[in-house]
Amino acid sequence: CPQRIARRGNYGAFLMDKLPLVKSLVEKLSQNLTVPVSCKIRIFPDLHDTINYAKMLEEAGCSLLAVHGRTRDEKDGKKIRANWQIIKAVREAVRIPVIANGNIRYVEDAWQCLEETGTEGVLSAEALLENPALFAGYRTPEWAPPGVCREGDLDQAELAVEYLRMCEKYPVPWRMVRSHVHKLLGEWFRVHPSVREDFNSQYKLTFEFLYGLVDRLRELGVKIPLHVKDNDSIEMSANGNSA
């Protein structure tokens with residue numbers, strides 16, 4: 001976590017300034033737990049520092065390392081591309097499994113990341129919160145270029161309803177529900193900001209209110225479908241025809 005709250009709390013990416021403390025924490029955990037210890041880090045501006053950081057964690061007892069390919073100061077994931085080459089260098093420098101984090105906007109990115117980094121897996125954070133169907137092949141409109149993608153049979157409102165039903169069955173704190181609904185319906189709220197204002201003004205949320213919120217957006221005519229790759233268009237382009 002590179003946010004200011006992490007600086008105040010002396011945790012997250014700000015522990016990069018206190019590597020002996022990080023090492024001691026991982027050693028203490030690995031020596032006293034019966035389950036494997038995993039770590040997730042951001043990169044340093046200098047590759048050599050990043051490699052040393054990863055090796056230190058491996059020596060301290062880390063069994064699996066996730067590497068976010070951005071520095072602590074690179075916070076805007078949509079504007080700043082993660083550095084997959086540094087993640088690849090980390091993978092080649094350690095013996096433990098490595099998971100890559102950064103630049104996963106749709107499922108094809110995941111396959112490309114695995115190929116370019118040689119890692120054992122990938123992570124997605126912000127994009128997956130916005131679009132939980134990412135790994136099922138669905139894209140939000142901003143990552144769906146015309147001629148490559150077409151509208152699919154799913155949208156984020158349907159995902160929001162599915163998410164709420166799961167929350168009813170497996171309760172989680174309301175602050176998490178509020179945050180996730182914001183992520184899922186953010187684009188819809190931009191079309192009708194008055195609905196977002198009503199949502200934000202609700203001090204105490206209920207499932208009845210949230211289901212009603214989705215119904216209200218649909219009644220207002222909001223329709224922002226998720227997209228999928230259009231295989232027909234791709235095939236036509238490959239054959240030299242217009243998509």
Side-chain angles (χ1 to χ4, degrees), residues 1-7 11-17 19 22 26 36-58 62-145 148-149 156 159 176 179-180 182-184 186-187 226-229:
C1 178
Q3 300 174 10
R4 283 177 293 181
I5 190 172
R7 183 192 294 275
Y11 63 85
F14 295 95
L15 289 177
M16 295 169 74
D17 296 329
L19 294 188
V22 174
V26 176
V37 175
S38 63
C39 299
K40 182 170 183 285
I41 64 172
R42 281 189 171 235
I43 62 174
F44 283 100
D46 183 79
L47 173 60
H48 184 70
D49 291 338
T50 303
I51 296 297
N52 286 341
Y53 188 15
K55 287 183 175 180
M56 180 200 77
L57 291 170
E58 180 181 33
C62 173
S63 296
L64 178 136
L65 180 63
V67 182
H68 187 149
R70 297 184 180 90
T71 67
R72 187 171 65 192
D73 295 326
E74 294 174 336
K75 299 176 184 178
D76 192 333
K78 289 191 175 182
K79 293 181 180 179
I80 302 172
R81 298 288 289 166
N83 192 322
W84 286 353
Q85 290 306 305
I86 291 181
I87 299 176
K88 178 181 179 181
V90 170
R91 178 66 200 91
E92 294 172 348
V94 298
R95 298 180 301 276
I96 57 176
V98 174
I99 297 178
N101 184 202
N103 301 349
I104 307 301
R105 303 156 300 178
Y106 37 82
V107 70
E108 289 81 7
D109 282 338
W111 296 117
Q112 183 181 353
C113 181
L114 289 171
E115 182 178 352
E116 291 189 17
T117 63
T119 54
E120 281 73 18
V122 298
L123 295 175
S124 178
E126 294 297 319
L128 197 59
L129 289 173
E130 183 180 356
N131 172 23
L134 185 155
F135 288 122
Y138 289 90
R139 305 186 185 199
T140 52
E142 66 178 317
W143 306 121
V148 175
C149 297
Q156 286 148 299
L159 293 175
M176 295 177 63
S179 176
H180 288 175
H182 256 298
K183 288 285 187 183
L184 282 164
E187 291 300 321
L226 294 169
H227 290 64
V228 294
K229 289 190 74 172

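On a predicted model such as this, the values are computed, not experimentally measured, just so you know. Basis for what follows: all heavy atoms, side chains included, without hydrogens, waters or symmetry-related copies.
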Indicate yes or no for a side-chain donor-acceptor contact from N103 to the backbone of D109 under 3.5 Å, with no hydrogens or angles considered.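 Checked: no pair found.
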Could you tell me whether the side chain of R70 and the main chain of I80 form a donor-acceptor pair under 3.5 Å?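 Such a contact is found between R70 side chain and I80 backbone.
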[atom1] of [X] to [atom2] of [Y]: how many Å apart, nearest 0.5 Å?
X	Y	atom1	atom2	result
W143	L134	CH2	CG	11.0 Å
F44	M16	CZ	CE	4.0 Å
I43	E74	CD1	CD	6.0 Å
I99	I87	CD1	CD1	11.0 Å
L159	H180	CG	NE2	13.0 Å
L19	Y53	CG	OH	6.0 Å

Testing the basics here: between [X] and [Y], what is the closest heavy-atom pair and its distance to 0.1 Å?
X	Y	answer
W84	T117	O-CG2, 3.6 Å
R91	T119	CD-CA, 4.1 Å
I104	S124	O-OG, 3.5 Å
D17	R72	OD2-NH1, 3.1 Å
H68	N101	ND1-OD1, 3.3 Å
T71	R42	O-NH1, 2.8 Å

Can you find a heavy atom in the side chain of [X] that is under 4.5 Å from one in the side chain of [Y]?
X	Y	value
E126	E130	no
L57	V26	yes
L128	L123	no
L184	P132	yes
L64	E120	no
L226	T140	yes
C39	L65	yes

Around atom NZ of K55, are there more than 12 heavy atoms from other residues, nucleotides or ligands closer than 6.0 Å?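 Counting other residues, nucleotides and ligands, NZ of K55 stays at 12 neighbours or fewer.
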Run the numbers on Q156 and K183 for side chain to side chain contact (heavy atoms under 4.5 Å, CB included), then give the verdict. CA-CA 9 Å; Q156 286 148 299; K183 288 285 187 183; over 6 Å; no
Does the side chain of E108 pick up a donor-acceptor pair with the side chain of Q112 at under 3.5 Å?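 E108 vs Q112: no donor-acceptor pair found between side chains.
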